[in-house]
Amino acid sequence: MGHSGSGLRKTRELLALCDCNNFFVSCERLFRPDLEGRPVVVLSSNDGIVIARSNEVKALGVKMGEPFFRVRPLLEQHCTAVFSSNFQLYEEVSSRVMAVLGRFTPSMEVYSIDEAFLELPPSGMDDPFCWGAALRGTVLRETGIPLSVGIAPTKTLAKLGAERAKKDRVKEGVRTLLPGENLDDFLSAFPVDDVWGIGRRWGDALKKRGITTVLRLRDAKDDWVEKRMGVRGLRTVWELRGIRCIPIEEAEKPQKSIQSSRTFAVPLREFSPLAEAVTEFALTAGRRLRAQKSRASRLTVHIGTSRFRDPWYGRTAEIPLGMPTESDIRLIRSAVEGLAMIYREGYDYVRGEVTLLELSSAETFQLSLFDPFDDRSTALSRVADRLNREAGRQLLRPALLLGEKEWRPRRDSHSGVRLEDLSNLPVLSS
DNA sequence: TCTGGGGTCCTAGGACCC
DNA sequence: TCTGGGGTCCTAGGACCC
C-alpha cells in the first residue's frame, strides 16, 4: 500500500484527547493531599476488584481488574491507601473538569467520565503543543486533576499520543503527532493491542499473523483487514494513517439501553431477597430512564450464580412492556414477574440485573389500543424523583426496601466525601 | 471466605416477503 | 433429474470501550 515510511496525510484539522490520570485515585487525593506520592487504589462495588491505581501501585505490578483479595497482602505490605468507589464524587469532579475543557474549544465530545475529545481551535493550530500545555495547566490549577493530552489528526492517533505522554511523564503531559511527521519509530514502539479498538481477541489473532506492532497494523493490507476485522478494523487502520474515520460527536445522544446490576454481598438462595434486589434495580433503572426523558418497551431480568463456582446457573427473562412506559410500578411488577419465570430453588445467586431496552422519547411515543395508559403511576414516579433529588437521598421508596439488606454491596473503605459538604475540605493550617 | 458495572456497534443467519 | 434471487427485518452473539 506504500504507507511504509510515509508521514501522515496532510490535514488541517487536529483534535486533542484529554485523559485524566488515574482519575478515581486523583479524585480521592483531592481531599487527602497527604496521599500524594503514596500508593492508592480504588475498588469496585462490593470491594471486589481494583478499578483504579496510582502510579506507585502500577509499579508494584498490580493489574487493572485484579481481585482485591488476591493483591491485598501486597498492597498492605506497601501501606496502600484503599478506597471503595465514590461515584457521586467522581461524577461531580468530572463535570468540573469538562467545564474547564469546554472553555478551550468550540467543539468537544465527552467520551467517558475521565476522557474528552476536543477540536483544536484556530488559535491552537500555530503551536498545538503550547495550546495543550496551557489547557493542562488550567485544568490542574482549577480542579486539581492532572491530565495527559494527545494531539493528532485522528482520535486513534490522539489516544496513542496521550498514552505515550502518560507513560513518559515528560513534556508537560502533552504529546503531539502532527501531519508530515514521520511516525514509524513512534508506532513501532507500541504493541498492536495498545491501539484503541484492538482488544484481547483481535490482538492475539493479529500477533499470530506477525502483526505485532502498531506500525505493522498501519501498513497492513486493506482487504485483509476488512475480511478479518470488518469495517471497524478498517477504520482503525485508516485512522492510524491519519485519515479521520471516527468523527467527534458533540451532541450527547440518549442511551439506547439502561442497565442496573449488582453483585450481592452474600449469596442469595431464597426468592424474597432476590425480589427485593430486583425491585431496587428496576427502581434505579427507572430513575435513569426518566432522567433522560425516555420510555422503555422491553425489560430483561437476569440472575446468576458465581462464574467461579460449579455448577453455574444463569437465566435471563424478557418481558415486553406493551406501551412504552416510564412508571416504576410497571417496571417493578415486570421485573419481579420475570424473576419468577427464571428463579430455581437450590442455587446460590450472586448477581442480579435489570435492563431496559427499546427506549423511545417520553414526549412522543406510540399509544396502544389495548394497554392501559399509565399516567397516574408515571406522575407518581416523577414526584418520587423530585422529592428524592431535593432530599439528596431516597426519601420515597417502596416499603419492601426499607431497613438493612444483607445483599447490599459492601463498601467498607468509602471515604464518605461529598463535594457539597464543606466540612470535607482539607485544612491548610491550624 | 473474597472475582464490577456500565455501555456501543457489527455481523451472520434465519424468517419472511415478493 | 432439474429446486430463483433478491430484499428487509430481527435477533443473538461477539467484539470492543471505559
Side-chain angles (χ1 to χ4, degrees), chain A residues 17-24 41-53 62-73 75 82 84-87 90-91 94 109-117 155-156 159 162-163 192-206 226-236 239 245-246 249 252-267 277 280-281 284-285 288-289 292 297-298 300 302 304-309 312 316 318 320 348 350-359 409-413:
Chain A
L17 170 68
C18 301
D19 190 347
C20 300
N21 297 345
N22 316 331
F23 182 55
F24 300 163
V41 291
V42 175
L43 305 178
S44 67
S45 162
N46 225 20
D47 295 342
I49 64 170
V50 175
I51 56 171
R53 308 154 293 158
V62 174
K63 297 273 187 302
M64 182 79 163
E66 194 123 36
F68 178 50
F69 73 87
R70 209 181 282 155
V71 289
R72 190 172 191 166
L75 293 175
V82 175
S84 304
S85 43
N86 180 354
F87 275 91
Y90 309 151
E91 272 159 17
S94 171
E109 172 185 346
V110 177
Y111 176 66
S112 73
I113 194 166
D114 67 338
E115 282 176 66
F117 291 103
K155 284 182 167 179
T156 306
K159 280 278 226 181
E163 203 169 319
V192 70
D193 45 7
D194 273 13
V195 177
W196 187 49
I198 306 294
R200 270 270 316 272
R201 297 298 266 264
W202 285 356
D204 288 350
L206 286 167
E226 187 173 12
K227 205 167 135 199
R228 282 181 177 67
M229 297 157 64
V231 293
R232 304 181 81 188
L234 196 57
R235 277 203 280 261
T236 296
E239 283 240 324
C245 303
I246 310 172
E249 296 194 35
E252 61 185 89
K253 300 179 206 154
Q255 288 175 206
K256 297 178 171 177
S257 68
I258 292 174
Q259 174 188 334
S260 173
S261 66
R262 285 289 177 277
T263 299
F264 309 130
V266 296
E280 179 147 292
F281 301 153
T284 301
R288 302 216 299 253
L289 181 74
Q292 72 161 31
S297 298
R298 200 150 56 96
T300 63
H302 171 85
T305 63
S306 172
R307 306 195 308 278
F308 306 96
R309 300 273 177 283
W312 183 80
T316 303
E318 189 178 316
D348 286 324
V350 301
R351 225 183 84 79
E353 175 184 312
V354 168
T355 307
L356 306 180
L357 298 156
E358 281 168 26
L359 309 189
R410 273 194 312 275
R411 38 185 226 171
D412 296 336
S413 310

Regarding A:E66, tell me which of base, sugar-phosphate or nothing describes its non-hydrogen contacts under 4.0 Å with the strands shown. nothing

Closest non-hydrogen atom pair, A:E239 against A:K155: OE1-N, 3.4 Å

Taking everything shown except A:R72 itself, do over 12 heavy atoms lie less than 6.0 Å from its CZ? no

Atom CZ of A:R228 and atom P of C:dA15 are separated, to the nearest Å, by 15 Å

Determine the contact category for A:S85: base if any of its heavy atoms lies under 4.0 Å from a base atom, sugar-phosphate if only primed atoms, P, OP1 or OP2 are that close, otherwise nothing. nothing

May I ask you to evaluate whether A:S112 reaches the phosphate of C:dC17, defined as a side-chain N or O under 4.0 Å from OP1 or OP2? no

Take the protein atom NZ of A:K159 and the nucleotide atom P of C:dC17, then report the distance between them rounded to whole Å. 9 Å

So A:Q255, base contact, sugar-phosphate only, or nothing? Heavy-atom distance under 4.0 Å. sugar-phosphate

For B:dC18, what is the paired nucleotide under Watson-Crick or G-U wobble rules, both distances under 3.5 Å? C:dG5

The residue, A:T284 or A:M229, whose nearest nucleotide of DNA chain B is more 5′ is A:T284

Using the six-membered ring wherever Trp is involved, compare the ring planes of A:F24 and A:F87 and label them parallel, tilted or perpendicular (cut-offs 30° and 60°). perpendicular

Give the nucleotide from the list B:dG5, B:dC10, B:dC2 with an atom nearest to the side chain of A:T263. B:dG5

For B:dG5, does OP1 or OP2 lie under 4.0 Å from any side-chain N or O of A:S260? no

Is A:R53 salt-bridged to A:E66, cutoff N-O under 4.0 Å? no

Write down the distance between CG (A:D348) and C1' (B:dT3), rounded to a whole number of angstrom. 16 Å

So A:R411, base contact, sugar-phosphate only, or nothing? Heavy-atom distance under 4.0 Å. nothing

For A:S306, report the nucleic acid contact type (base, sugar-phosphate, nothing); a contact means any heavy atom under 4.0 Å. nothing

Length of the CD-P vector between A:E318 and C:dG13, whole Å: 12 Å

Distance below 4.0 Å between A:R351 side-chain N/O and B:dG5 OP1 or OP2: yes

Touch class at under 4.0 angstrom, heavy-atom based, for A:I258 against every strand present: sugar-phosphate

Sugar-phosphate only, base, or nothing, as touched by A:V195 at under 4.0 Å among non-hydrogen atoms: sugar-phosphate

Rounded to whole Å, CD of A:E115 lies from C1' of B:dG7 at a distance of 14 Å

May I ask you to say what A:D114 touches in the nucleic acid, namely base, sugar-phosphate or nothing, with a heavy-atom cut-off under 4.0 Å? sugar-phosphate

Pick base, sugar-phosphate or nothing for A:Y111, based on heavy-atom distances below 4.0 Å to the nucleic acid. sugar-phosphate

Rounded C1' spacing from C:dG4 to B:dC16 in Å: 16 Å

Could you check how far CZ of A:F87 sits from P of B:dG6, rounded to whole Å? 9 Å

Please report, rounded to the nearest Å, how far the P atom of C:dC17 is from the CG atom of A:D194. 10 Å

Would you indicate what A:R298 reaches in the nucleic acid, counting non-hydrogen atoms under 4.0 angstrom: base, sugar-phosphate, or nothing? nothing

Does a side-chain N or O of A:R262 approach OP1 or OP2 of B:dG6 to a distance below 4.0 Å, or not? yes

Touch check for A:R70, heavy atoms < 4.0 angstrom, all strands: base, sugar-phosphate only, or nothing? base

Counting the atoms with a prime plus P, OP1 and OP2 as sugar-phosphate, which does A:K155 contact under 4.0 Å by heavy atoms, base, sugar-phosphate, or nothing? nothing

Are there more than 12 heavy atoms of other residues, nucleotides or ligands under 6.0 Å from atom CZ of A:R288? yes

Students often get this wrong, so: under 4.0 angstrom with heavy atoms, is A:R201 touching a base, only sugar-phosphate, or nothing? sugar-phosphate

Side-chain N or O of A:R72 less than 4.0 angstrom from OP1 or OP2 on B:dT1? no

Toward the 5' end of DNA chain B, by each residue's nearest nucleotide, A:G230 or A:F264: A:F264

Taking the side chain from A:S257 and the backbone from A:L356, do they hold a donor-acceptor pair closer than 3.5 Å? no

Within the structure, does a side-chain N or O atom of A:S44 lie under 4.0 Å from either OP1 or OP2 of B:dG5? no

Between B:dG5, C:dC18, B:dG7, spot the one nearest the side chain of A:R288, thanks. B:dG7

Base, sugar-phosphate, or nothing for A:I198, non-hydrogen atoms under 4.0 angstrom? sugar-phosphate

Taking OP1 and OP2 of B:dT8, is either one under 4.0 Å from a side-chain nitrogen or oxygen of A:K253? no

Answer whether the closest heavy-atom distance between the side chains of A:Y111 and A:L17 falls below 4.5 Å. no

Using the six-membered ring for Trp and the full ring for Phe, Tyr or His, decide whether A:F308 stacks on the six-membered base ring of B:dT3 (centres under 5.5 Å, planes under 30°). yes

For atom CZ of A:R228, is the number of surrounding heavy atoms from other residues, nucleotides or ligands below 6.0 Å larger than 12? yes

Tell me whether the side-chain N/O atoms of A:R232 come closer than 4.0 Å to OP1 or OP2 in B:dT8. no

Give the rounded distance in Å between these two atoms: CG of A:N22 and P of C:dC18. 15 Å

Minimum-distance nucleotide to A:F69 side chain [options: B:dT3, C:dC17, C:dA15]: B:dT3

